[in-house]
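This is the structure, below, for whatever I ask next.
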2 protein chains.
Amino acid sequence: MTPPSGPRKGRPRNADADGAILAATREALAELGWGGLTMGDVAVRAGVAKTTLYRRWPSKNELVVAAVAEQLDELEMADLGSLRADIEAVVAQFASLLSAPETQAALLALFAEATRDPLLRRRVREAIIEPQKRLVLAGRAAAQSRGELPLDTCEETASAAVDIIFDTVAGTVVHRMLVSGEPATPDWISSFATLLLAPLAGIGAGT
Amino acid sequence: MTPPSGPRKGRPRNADADGAILAATREALAELGWGGLTMGDVAVRAGVAKTTLYRRWPSKNELVVAAVAEQLDELEMADLGSLRADIEAVVAQFASLLSAPETQAALLALFAEATRDPLLRRRVREAIIEPQKRLVLAGRAAAQSRGELPLDTCEETASAAVDIIFDTVAGTVVHRMLVSGEPATPDWISSFATLLLAPLAGIGAGT
DNA sequence: GATATACGCTACGACTCGTAGCGAAAGAGT
DNA sequence: ACTCTTTCGCTACGAGTCGTAGCGTATATC
């Protein structure tokens, strides 16, 4: 995407431009959608020439992948001392991110294009989806160290559990906020955490 | 969309064309994505002139809404005698529909465009999302009549429950199949049903 | 028949993608 | 100080698309 290591000779790239372009991309995507997003418009918003965009990213697809990936890297898993609190915190954080119109349109538009372009789909998985599974792994590990969850007995089972938990959390929150368009209120988050904890914590362990 | 009631005079519309156009739209959307979908291509696939498309739908957006809505109306809630079986059946049905590339690209592309266009979003909610909540309502009613679930005590609570269940089921399945790209195997469906049943059925009722 | 609509075809203006060429700017190496 | 290399902004271009308009023709009702 960007040159592996900064070029040694010649005029250096404007360091501020990358951030400005990615922010402009998310902004434009939110207002205009994938179909309405034009490279010329992004260039004007970012205050650079259109050729500068193509000098740094090879196509619209790659530009949008970068713009969305940058946004989602903000997520963090807190350790608040209980599994329920951790779940509610990360869901709230995720929901807060998804409540920004920039992120909404950007994420969905990208997923949509990815269904047709296998290469883009791979890039989305690598750059956006897989990195976020770290949240589930961190939350599980913390809960296990606190004795809230049993330790893993089988590597394969544990991996499958991480996948299904990730699908459920990400999918449900995304669906509620982006498709149904309902906000994730504290009450809703609490209900959802209860739903998640029941099968995880076993009989009598939830609160 | 189509004239409120058939015109009384003049040449009637070709009745077969509507179906052919909608099918061609889904097919083209699957192959080319939202960005690659062209009205001219759809017209060729359907064997009609481009002007015929615009005579029946005012824009690409409206055409795709109609194409996807038609596809999702196929879903039905079976009554198999137990809540678990009903859930697994409807999830499998939903997953089967979403495994078709036509539906995948169509749904996501539409959701993405809907995030920017409030009017389109309303049309999507009315024509696609809300009608499917009937599945949750039917499943709950059947389970209540079998004594598997308690009867509703509060109208408002029941409505919120329907919403959260719908978000969770639709969101998780959509996310797994469309975003992660993993198939919904019988094992996965069974695990997911367990996850859903735990909070619903209370202690000791699941299997 | 007269009327009214749908149909297929072709052409059109406005717009976007991604590329190419230009002169100028801003650094690194000698 | 001078050269070399890369980036920058600008303008223009070919190919392709959207959505519309006009034409002649087909197929129905009154």
Side-chain angles (χ1 to χ4, degrees), chain A residues 1-22 24-25 28-29 31-67 109-110 113 116-117 119-120, chain B residues 1-22 24-25 28-29 31-67 109-110 113 116-117 119-120:
Chain A
M1 193 117 22
T2 42
S5 65
R8 301 266 160 266
K9 310 173 67 170
R11 176 178 178 175
R13 288 188 171 175
N14 182 347
D16 300 335
D18 263 65
I21 294 171
L22 294 180
T25 303
L29 210 46
E31 289 180 22
L32 310 167
W34 181 280
L37 176 70
T38 72
M39 298 297 265
D41 186 39
V42 171
V44 171
R45 285 172 194 257
V48 301
K50 195 176 69 166
T51 42
T52 298
L53 301 190
Y54 283 103
R55 201 172 290 119
R56 304 185 181 209
W57 293 275
S59 72
K60 215 162 82 166
N61 282 359
E62 290 294 329
L63 174 60
V64 178
V65 171
L110 192 51
E113 278 309 293
R116 91 170 155 118
D117 185 343
L119 235 67
L120 180 59
Chain B
M1 195 117 21
T2 41
S5 64
R8 299 271 160 261
K9 308 175 66 171
R11 176 177 176 175
R13 289 188 171 174
N14 182 346
D16 301 335
D18 263 65
I21 292 172
L22 294 180
T25 303
L29 211 47
E31 289 179 22
L32 310 167
W34 182 281
L37 176 70
T38 70
M39 299 297 267
D41 185 40
V42 170
V44 171
R45 286 172 194 257
V48 302
K50 195 176 67 166
T51 41
T52 298
L53 302 190
Y54 284 101
R55 201 172 290 120
R56 302 185 184 211
W57 294 274
S59 72
K60 217 161 81 165
N61 281 359
E62 290 294 330
L63 174 61
V64 178
V65 171
L110 193 53
E113 280 305 297
R116 98 177 149 108
D117 187 341
L119 236 67
L120 180 58

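Note on naming: letters A, B, ... go to the chains in the order of the sequence lines (proteins, then strands), and numbering restarts at 1 for each one. Model, not experiment: these values are computed from the prediction.
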*Non-neighbouring partners of A:T38 that pass side-chain contact (heavy atoms from CB on, under 4.5 Å), sequence neighbours left out*: A:D41
*B:R13 versus B:R55, closest heavy-atom pair with distance*: NH2-O, 3.2 Å
*Distance in Å, A:M39 CE paired with A:I21 CD1, rounded so as to fall on 0.5 Å steps*: 9.0 Å
_Interatomic distance where CG belongs to A:N14 and C1' belongs to D:dG9 [whole Å]_ = 12 Å
*OP1 or OP2 of D:dC8 under 4.0 Å from side-chain N/O of A:R56*: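 The answer is yes; a side-chain N or O of A:R56 sits under 4.0 Å from OP1 or OP2.
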*Between D:dT7 (P) and A:I21 (CD1): distance, integer Å*: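 From A:I21 CD1 to D:dT7 P: 13 Å.
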_Residues forming a side-chain contact (heavy atoms from CB on, under 4.5 Å) with B:N14, sequence neighbours excluded_ = B:D16, B:A17, B:R56
Are any protein N/O atoms closer than 3.5 Å to N/O atoms in nucleotides 23-25 of chain D? If there are, list each pair with its distance.
none

*Round to the nearest Å and state the distance from B:R13 atom CZ to C:dG8 atom C1'.*
15 Å
*Minimum heavy-atom distance B:A43-B:A49, with the two atoms named*: CB-C, 3.9 Å
*Quickly work out the B:L63 CG to D:dC18 P distance and round it to whole Å.*
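Distance check: B:L63 CG to D:dC18 P gives 11 Å.
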*Just one of B:L29, B:V64, B:L53 clears the side-chain contact (heavy atoms from CB on, under 4.5 Å) bar with B:V42, so which one?*
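Of all the options given, the one that passes is B:L53.
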_From C:dG8, D:dC10, D:dA28, nucleotide with atom closest to B:P12 side chain_ = D:dA28
*Go along nucleotides 15-22 of chain C 5' to 3' and tag each nucleotide: B for a protein heavy atom under 4.0 Å from its base, S when only backbone or sugar atoms are that close, - otherwise.*
-SSBBB--
